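Atoms within each ligand, like the ligands themselves, are counted from 1 in listed order. Note: hydrogens, waters and symmetry copies are ignored here, and every other heavy atom, side chains too, is used. Keep in mind that what you see is a predicted model, and the values were worked out from it rather than measured.
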Amino acid sequence: MDKKLSLLFIFSVMLVSVEAEPVEDKQALLDFLHKMSHSPHVNWDENSSVCQTWRGVTCNTERSRVIAIRLPGAGLSGPIPPNTLSRLAALETVSLRSNGITGFFPGGFSELKNLTSLYLQSNKFSGPLPLDFSVWSNLTVVNLSNNFFNGSIPFSVSNLTHLSSLVLANNSLSGAIPDIDIHSLRELNLANNNLSGVVPKSLLRFPSWAFSGNNLTSVNSSHPPALPMHPPYTLPPKKTKRLSETALLGIIIGVCAFGFAVIAVVMVLCCYDFAAAGVKESVKSKKKEDSMIAETSASREKNKIVFFEECNLAFDLEDLLRASAEILGKGSFGTTYKAALEDASTVVVKRLKEVTVGKKEFEQQMEVLGKIKHENVDALRAYYYSKDEKLVVSDYYQQGSVSSILHGNRGDGRTSLDWDSRLRIAIGTARGIAHIHVQQGGKLVHGNIKASNIFVNEQGYGCVSDIGLATLMSSIPSPGTRASGYRAPEVTDTRKATHSSDIYSFGVLLLELLTGKSPIYSAEGEQIVHLVRWVNSVVREEWTAEVFDVELLRYSNIEEEMVEMLQIGMACAARMPDQRPKMSEVVRMMEGIRPENRPSSTESRSEVSTPTVYAT
Ligand SMILES: *[C@@H]1O[C@H](CO)[C@@H](O)[C@H](O)[C@H]1NC(C)=O
Ligand SMILES: *[C@@H]1O[C@H](CO)[C@@H](O)[C@H](O)[C@H]1NC(C)=O
Ligand SMILES: *[C@@H]1O[C@H](CO)[C@@H](O)[C@H](O)[C@H]1NC(C)=O
Ligand SMILES: *[C@@H]1O[C@H](CO)[C@@H](O)[C@H](O)[C@H]1NC(C)=O
Ligand SMILES: *[C@@H]1O[C@H](CO)[C@@H](O)[C@H](O)[C@H]1NC(C)=O
Ligand SMILES: *[C@@H]1O[C@H](CO)[C@@H](O)[C@H](O)[C@H]1NC(C)=O
Ligand SMILES: *[C@@H]1O[C@H](CO)[C@@H](O)[C@H](O)[C@H]1NC(C)=O
Ligand SMILES: *[C@@H]1O[C@H](CO)[C@@H](O)[C@H](O)[C@H]1NC(C)=O
Ligand SMILES: *[C@@H]1O[C@H](CO)[C@@H](O)[C@H](O)[C@H]1NC(C)=O
Ligand SMILES: *[C@@H]1O[C@H](CO)[C@@H](O)[C@H](O)[C@H]1NC(C)=O
């Protein structure tokens, strides 16, 4: 079964049945646990599903084997019983850190040929390290620090060609340090042992503290600094964007800046064409403003605003220009304004920059978008196209975007976004995108899914806006910006958004909702952290609740739902496009998290494309 099929297979398994179970691995785990004392938090019940409910156990996608066991701080004590964990031959990750495990390094671990990460730090292991490390050819992380291991560091460690971290600090290791010439090695800590001799040349690139607390000769502090764990990404210098002087909506900003917050607007009644009637408003007090309106009035006749919904939102360009406007945000596609019209209605006007397509293509795309009517898709109300100005008008959402709800006003006085709300936002967004993906014969692509383009509808569900504009534009977000964190890896090269790149972006959004972190953020030390990489590394290395937003930790009984959503998010944000699920699939998985969130009417159900049958 290739990787794609197996991924899809597990999705269908997740939805249809939960029967598959690695019976022998389960028994091995039970044998292990029953022979060790442990805290009552280890919920390994022989009658429950090992892959689904056992804390700290991860199965492969086929649910045929256990591939990871993570029991940090689980109160385990005593030696690891022989012939238990060693039967889990498919194990890739073993984390038993921060327990009270005694005895020698378990010899049976040499059976775990697929082991990549081994965390046994902060226990009471003693005796020698295993002599032959080369049995674990894929081992990448070894953390055995804070134990009582003695003897020497085996030379076979240098056979681990994938090794990236070797942490043996705070043991009683003695003897010489072997020449570990491994290019992938990024982290080394041998401090506080009883090692002697010299630091081999190949390891001189590591900082001196990695060797401190030993009896080494000629270790001095003038080593070149260690390579950082993650290459430090530097933000490109902020480009100061030059706003075009002749920009029409620039007038609005000018008006606001000069304090003309509200200028009288005459609303055009039901489809009455203001411009055609030749009525001129006379509340103009700035010369500059006068001239600019004059400049554009000539072209206005033939470039009228095109409305999609009849009559209940009728205004012309001039109304828009005169409305009091406030900048909501500047995105990669242009600046977005909130425009308050005189009749107290408020719309969002997006001024598109760098539109690369001609008028005809633009209009065709708008016609497609204007027809989309769905509760989870922000309706396009109107558009305007002229040589030097392209505008799209849509509804205004009082609460602001999901980005501002999630990230805005952290700290005092913040009303946190609870789990139910996040789940509804995620499900609504998934439905909206799935609906978009079946438009235009399945060819419509959103192209710019990000939290600042998701709003919350009256029922509290996510609602997708800014659809299909990506195909009209030339600009893509510059690296290092928050927006670039949603971009699928392949889009960097192809510069072409697809359904599967939309799904990647949606995956990032899910991770954002779960972690409360931006897709790209800077951690301490100014390092730029990519959310997807960070989540993957946390989940791969240590299964902890650390990924989840602290705001969510106060709600009880949501852990399983969060983990389910995390799995969906990670599947969507898979590096390879063909490993990502389809959007209709995602909708069903999302609805599976909380069955009552399934749509009640069969009508909205049918919006999701028909299930696909998978061959295996
Ligand atoms: C599991 O189920 C069997 C049979 O139904 C029962 O005898 C046993 O006590 C159950 N074990 C636990 C731990 O609940
Ligand atoms: C080890 O990993 C490989 C590749 O992922 C897989 O084909 C193999 O079945 C695994 N070994 C065991 C014992 O599961
Ligand atoms: C190591 O990983 C590779 C690639 O994932 C896999 O094909 C191989 O089976 C693994 N090797 C061993 C011994 O597992
Ligand atoms: C190894 O364990 C130590 C002690 O718990 C910890 O500080 C360090 O971050 C760990 N390193 C890795 C790579 O796991
Ligand atoms: C390691 O420690 C054990 C006791 O835990 C001792 O018997 C053994 O001699 C020590 N080995 C070395 C090389 O120090
Ligand atoms: C490294 O691996 C090779 C082949 O797997 C083996 O022959 C050799 O003895 C190993 N070297 C050490 C130092 O263990
Ligand atoms: C080793 O022990 C010292 C002192 O207890 C501690 O500060 C340090 O973090 C430990 N090193 C590791 C890698 O755990
Ligand atoms: C460290 O090693 C030396 C010999 O190299 C030995 O004499 C000494 O007892 C060892 N110290 C500890 C604390 O193990
Ligand atoms: C340090 O090593 C030297 C020889 O390598 C040995 O003579 C000395 O006793 C060691 N010191 C300690 C504190 O282990
Ligand atoms: C420290 O190392 C550098 C380069 O390896 C060497 O030139 C220098 O003499 C050393 N200093 C001491 C105090 O050993």
Q. What pairs with Asp181 under salt bridge (charged side-chain N to carboxylate O under 4.0 Å, His left out), at least two apart in sequence or on another chain?
A. none
Q. Should the pair Arg422-Asp549 be classified as a salt bridge under the 4.0 Å nitrogen-to-oxygen rule?
A. yes
**Q.** Set of salt bridge (charged side-chain N to carboxylate O under 4.0 Å, His left out) partners for Glu24, sequence neighbours left out
**A.** none
Q: For Trp534, check ring pair (Phe, Tyr, Trp, His ring centres under 6.0 Å) against everything at least two apart and list the hits.
A: none
Q.
Heavy-atom contacts with ligand 7 below 4.0 Å: which residues, ordered by chain and residue number?
A. Asn146, Ala169, Asn170, Asn189, Asn192
(Q) Assess whether a salt bridge exists between Arg63 and Glu21, defined as any Lys/Arg side-chain N lying under 4.0 Å from an Asp/Glu carboxylate O. (A) no
Q | N or O contact, Arg65 vs ligand 2, cut-off under 3.5 Å | A | no
Q.
Quick check on Glu560: does its CD atom have over 12 non-hydrogen neighbours (other residues, nucleotides or ligands) under 6.0 Å away?
A. no
